[in-house]
Novice: 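Let me begin by handing over the structure; questions about it come next.
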Amino acid sequence: MEQLHAVVTGASSGIGYETVRSLTRDHGMRVTAVARRRDRLDELAAQTGCAVVQADITSQEDVDRLARELDEPVHVLVNNAGGAIGWDTVAESSLQAWSDQYELNVVGTVRVTQALLPALTASGRGDVVVVTSTAGHEPYENGAGYVAAKHAAVAMTRTLRLELTGTGVRVIEIAPGMVRTEEFSLNRFGGDDRAADAVYEGIEPLTAHDIAEAITWAVTRPHHVNIDQLVIRPREQAGAAKTVRRPSNTP
Ligand code: 8X3
């Protein structure tokens, strides 16, 4: 059987990093890891044997180079790069943060998808995975810039599925709730590690590995099966504004 080739963005840490590990180690896929940080990519390459391309998905020049440098065919694209910036009300939020979050979570995802679609279509069995968020389904206070960007990413994903049906390309949305990674909350709170830690107090959050397993499961279903959308939350998080916190839940 042909070895499948996957491209994973945001691969230098968290969900992306774990997804590269899972697709290579557990499923023997050939993976190209994409991220901005070269040292992290090199470490991942040493661990997993993946190929690496250093690129920033907010740069058209970088993404054009990525498309040129990629070994074809490409069977799986995991659009994982994204993130939250800031924790403010709509009234007080930074307009720059709104633009940056839209650029990263929405335009960047579209940019990479556009660039790789020809290779995905040519493979005869392409998968476009978009890692959105439960923030794309439900708003919460102080997160509007991220919530709005993720709602847009969900809308883009659903539209893309409508447009690609019949081409042999599957479009899969993975929507995680609270996932503790080394960087997500730290970035959101501008490096304030106390604020970042408080997000996970009293609950056992998901891990990057939990989400990587879900991505891997979705793309390894028989190809006539399209997992449209997987919503994955910690057991104690029933909704964006409904989290039950107890000291005994902290691992
Ligand atoms: C991250 C999940 O709950 O912080 O995408 O919005 S949440």
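Note: hydrogens, waters and symmetry copies are ignored here, and every other heavy atom, side chains too, is used. Atoms within each ligand, like the ligands themselves, are counted from 1 in listed order.
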Novice: Would you say the side chain of Cys50 lies within less than 4.5 Å of the side chain of Val20, judging by non-hydrogen atoms?
Specialist: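 Sidechains of Cys50 and Val20: in contact.
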Novice: Do Val128 and Arg170 have side chains that approach each other closer than 4.5 Å (heavy atoms only, starting at C-beta)?
Specialist: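 A side-chain contact is absent here, since even the closest heavy-atom pair is not under 4.5 Å.
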Novice: When you check the gap from the basic side-chain N to the acidic O, do Arg68 and Asp64 get nearer than 4.0 Å?
Specialist: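 Not counted as a salt bridge, because no side-chain N and carboxylate O are separated by less than 4.0 Å.
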Novice: Please give me the minimum heavy-atom distance between Pro234 and Pro205, naming the atom from each residue.
Specialist: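 Of all heavy-atom pairs spanning Pro234 and Pro205, the closest is CG-CA, 4.1 Å.
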Novice: For Glu183 and Ser13, test the side chains for any donor-to-acceptor distance below 3.5 angstrom and give the result as yes or no.
Specialist: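 Looking only at side-chain atoms, Ser13 and Glu183 do form a donor-acceptor pair, the distance falling under 3.5 Å.
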Novice: Sort out the contact shell of ligand 1: every protein residue with a heavy-atom distance below 4.0 Å, listed by chain and number.
Specialist: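 Under the 4.0 Å cut-off, ligand 1 touches Ser133, Ala135, Tyr140, Tyr146, Gly177, Phe184, Arg188.
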Novice: Got a sec, which residues hit side chain to side chain contact (heavy atoms under 4.5 Å, CB included) with Phe184, two or more places apart in sequence or on another chain?
Specialist: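 Phe184 satisfies side chain to side chain contact (heavy atoms under 4.5 Å, CB included) with Ala84, Tyr146, Thr181, Arg188, Tyr200 only.
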